[in-house]
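The figures here come from the full heavy-atom set of this structure, side chains too, leaving out hydrogens, waters and symmetry mates. Chain letters run A, B, ... following the sequence lines, proteins first and then strands; every chain starts at 1.
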Protein chains: 6
Amino acid sequence: MPSSLVAIFPGSFDPPTNGHLDLIVRGARLVNHLIVAILQNTQKSALLTTGERAEMLKEISAHLPNVEIDFFDGLLVDYAVRRHADTILRGIRAVSDYETELQMALLNRRMRPEIETVFLMASAEYSFLSSRMVKEIITLGGDAGSFVPEAVMRRLQTKFPAANKR
Amino acid sequence: MPSSLVAIFPGSFDPPTNGHLDLIVRGARLVNHLIVAILQNTQKSALLTTGERAEMLKEISAHLPNVEIDFFDGLLVDYAVRRHADTILRGIRAVSDYETELQMALLNRRMRPEIETVFLMASAEYSFLSSRMVKEIITLGGDAGSFVPEAVMRRLQTKFPAANKR
Amino acid sequence: MPSSLVAIFPGSFDPPTNGHLDLIVRGARLVNHLIVAILQNTQKSALLTTGERAEMLKEISAHLPNVEIDFFDGLLVDYAVRRHADTILRGIRAVSDYETELQMALLNRRMRPEIETVFLMASAEYSFLSSRMVKEIITLGGDAGSFVPEAVMRRLQTKFPAANKR
Amino acid sequence: MPSSLVAIFPGSFDPPTNGHLDLIVRGARLVNHLIVAILQNTQKSALLTTGERAEMLKEISAHLPNVEIDFFDGLLVDYAVRRHADTILRGIRAVSDYETELQMALLNRRMRPEIETVFLMASAEYSFLSSRMVKEIITLGGDAGSFVPEAVMRRLQTKFPAANKR
Amino acid sequence: MPSSLVAIFPGSFDPPTNGHLDLIVRGARLVNHLIVAILQNTQKSALLTTGERAEMLKEISAHLPNVEIDFFDGLLVDYAVRRHADTILRGIRAVSDYETELQMALLNRRMRPEIETVFLMASAEYSFLSSRMVKEIITLGGDAGSFVPEAVMRRLQTKFPAANKR
Amino acid sequence: MPSSLVAIFPGSFDPPTNGHLDLIVRGARLVNHLIVAILQNTQKSALLTTGERAEMLKEISAHLPNVEIDFFDGLLVDYAVRRHADTILRGIRAVSDYETELQMALLNRRMRPEIETVFLMASAEYSFLSSRMVKEIITLGGDAGSFVPEAVMRRLQTKFPAANKR
């Protein structure tokens with residue numbers, strides 16, 4: 001019987017989207033403490049620094065008292081153990097997502113059987129939404145306003161004035 | 001912040017398999033109270049009565065104090081509301097599962113936004129296991145012993161002596 | 001160069017859903033004449049008569065001057081030839097849809113190469129919607145009001161008073 | 001090192017299609033002895049008797065000296081053991097096929113680890129072809145001539161004169 | 001009612017394949033004007049310059065009076081608006097294609113609801129064909145002659161003499 | 001009738017996993033001679049040299065007299081012809097695998113119709129296992145001990161002492 005369920009919601013969040021926010025809100029209802037963990041991955045061509053992403057995530061989850069923003073590198077399951085988390089929370093949008101997620105969940109279980117991965121389906125209106133696509137729209141000068149929270153859009157416009165022009 | 005999370009694990013359980021038991025054990029760790037709810041569906045050609053399934057489920061989950069066995073008919077979300085459940089727990093094995101589950105989860109959310117559907121991936125060793133296939137093996141006189149819990153097998157052998165003969 | 005494109009939108013429409021209406025509206029913009037063709041299939045356990053479905057489809061597409069409601073039986077491609085149609089219009093929601101649709105499109109092309117099958121993706125908000133699920137909700141006494149057009153709901157409530165009770 | 005590989009190619013073959021023939025020809029090249037095994041399944045609404053299917057299969061594989069036509073019922077793996085077969089041969093056309101096939105292969109391996117299931121991909125030109133669809137075309141009075149071997153078509157036309165009329 | 005339907009068929013076409021040509025021929029029958037639009041993407045490691053691809057596409061579509069070859073960069077929907085196009089035409093080969101295409105179609109619709117994305121299924125014989133694989137075959141010195149139109153092969157052989165040697 | 005079936009099992013094997021070993025053991029039972037062929041691909045960021053991979057593969061398959069370890073570059077089908085192989089052996093784990101494998105198999109058949117591609121399903125317990133994921137675990141300092149054969153682990157620990165530390 002869970003006295004105090006702690007979950008990790010890991011991701012790149014480059015940038016945080018409406019889909020991420022939807023999952024954070026829904027996930028926060030299911031656990032006592034939700035750690036949104038930004039992957040420190042220096043290899044990928046990032047739009048935003050991890051510091052900028054953390055600030056955006058803090059702003060959009062400010063109304064959720066049991067949500068914490070953190071960073072991690074190395075193996076996710078090792079980080080989960082360090083943070084005394086019981087579960088990893090993941091969203092699934094599409095079949096291709098599903099397969100990768102399944103592989104990672106089974107691999108993580110083999111390494112750390114005590115940590116359960118729990119999945120939520122993306123809401124229908126966000127099922128097509130990915131950071132990668134939002135990043136591409138912004139890079140091509142398009143308007144990403146309907147895909148990210150307002151607070152994220154405001155900060156993106158400051159950093160990428162072109163994203164503002166339409 | 002969840003003070004007392006109640007989840008429904010719905011299914012036909014005709015018969016309960018090792019895959020079901022695995023999900024019940026894992027699900028019971030995530031919530032305060034887990035209701036395993038047997039669908040009362042008179043249309044489908046059943047192997048077992050719902051009463052027999054309930055007895056089997058009770059026996060295999062006897063060591064889990066926060067698991068309850070119940071029956072339901074009508075819409076799942078209406079039953080969830082009646083039982084004051086917050087979440088519906090579902091297992092996913094394969095891509096075809098995933099799509100049906102996604103449709104049901106989105107439909108249920110549209111009807112009852114306050115009830116969240118939460119998914120666990122089937123363990124690798126049970127990823128190929130379904131009640132339908134176990135039922136077919138038993139009907140064809142095969143040995144289903146490695147696919148169902150021992151207590152289920154014992155009861156199946158009493159009811160279907162042919163399943164015992166190999 | 002198409003002087004006058006005629007398309008068939010075939011289906012069971014038992015009942016017509018918001019997803020069907022969305023595809024009819026979008027399809028009608030792409031062709032000169034759109035024939036919504038109800039499959040006369042006596043085998044399946046139907047909720048509505050084909051006459052009732054036709055009346056519902058006529059009411060919800062009354063504002064679209066280039067849409068016609070018709071019936072067909074036998075092979076779809078033979079019907080398309082009889083109606084001098086150039087294309088078959090189909091909606092896709094999910095991967096499992098996609099595969100069946102692909103098989104039928106390739107089979108139809110082999111039989112009648114002059115008839116092209118054209119696909120539209122279901123809108124995100126209707127991606128989980130199917131007549132089969134709406135039918136089940138109504139049968140179980142649930143509220144299908146957010147899944148079908150208002151005119152369809154009104155007629156369903158007359159026929160199935162239980163669908164009205166919530 | 002296989003001295004004498006025996007394979008079972010199981011199916012309903014109701015009717016045998018060009019896709020089946022393609023797999024029989026290709027499979028016969030890989031093994032010493034190929035047993036095409038017709039499932040004796042009295043439940044399904046069949047187009048042809050199993051005797052008719054066997055005659056068709058014999059005629060279209062007459063030029064392949066290492067192919068045998070046989071019948072089976074009960075569990076496929078039990079039949080394979082009785083026939084001293086080492087492998088089960090299956091064709092895959094689509095993703096939905098793939099999942100069912102994967103489940104059956106894993107289940108069969110669990111029951112009889114000594115019998116290997118081997119898969120061939122359907123040829124591109126037959127990827128959309130299924131007995132079920134051919135059966136439907138014939139039932140609806142369509143021309144299935146480009147989907148089944150000539151010998152099968154000749155026998156179908158004798159049995160279903162309507163299939164000949166176009 | 002469409003008086004003059006204009007469609008964009010976007011792609012990299014590096015190189016144009018038999019699958020592309022098949023879709024151009026079929027698409028040109030469905031619309032009044034078809035714009036084959038080559039993505040100006042300087043990042044990807046290209047086999048051919050966009051100028052070379054345009055010349056190849058012009059040669060293989062010379063017999064189609066309503067087909068135009070053009071270039072675009074930036075967001076596809078913005079280009080479609082600039083060209084007064086009503087629809088985007090896309091081909092689908094496989095499930096993994098389907099998912100990416102679905103995401104892009106839904107995203108584009110959110111940004112420009114007036115532009116419809118229309119899908120054609122790849123012909124069975126081209127279902128396995130991609131520019132990426134053709135590119136790899138040419139790079140590895142293989143014979144791509146049965147995968148690209150003759151005019152494309154001739155130009156490829158001039159540019160990559162090794163592709164000619166077998 | 002095959003007098004002497006020769007199969008190629010191609011791959012990167014960077015590193016060889018338990019899943020690879022499982023397929024080598026099962027494949028070796030089906031053919032007279034099995035050539036495990038390491039792709040010489042200088043572009044990808046490799047964990048191990050092809051020489052190291054060959055040594056590992058030789059050690060873990062030393063008990064299988066009809067297995068040979070070799071290298072190849074260029075087109076796989078050309079290599080198969082040079083080695084007088086009749087078949088290419090491939091394992092499939094997931095739907096996304098399946099699609100890529102299908103495309104390659106159809107492409108290879110078009111280029112060399114005399115060479116058949118034969119598929120085995122990955123065992124349930126290795127269905128989530130890929131060299132890419134093992135590589136990532138090792139790179140991140142995790143323990144890959146339950147994913148690779150003991151002989152591979154020993155050599156990996158010598159090369160990457162960090163992989164040993166937990």
Using the side chain to side chain contact (heavy atoms under 4.5 Å, CB included) rule, take A:L129 and E:L107 through it: C-alpha gap first, then chi angles, then the decisive distance, then the call. CA-CA 7 Å; A:L129 205 53; E:L107 211 82; 4.1 Å; yes
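In terms of heavy-atom proximity, E:M111 sits nearest to A:D143 at SD-O, 4.2 Å. The nearest pair of heavy atoms linking A:S127 to E:L106 is OG-CD1, 4.4 Å. Nearest heavy atoms, A:E125 versus E:R110: O-NH2, 3.4 Å.
Other residues, nucleotides and ligands contribute more than 12 heavy atoms inside 6.0 Å of the CZ atom of E:R154.
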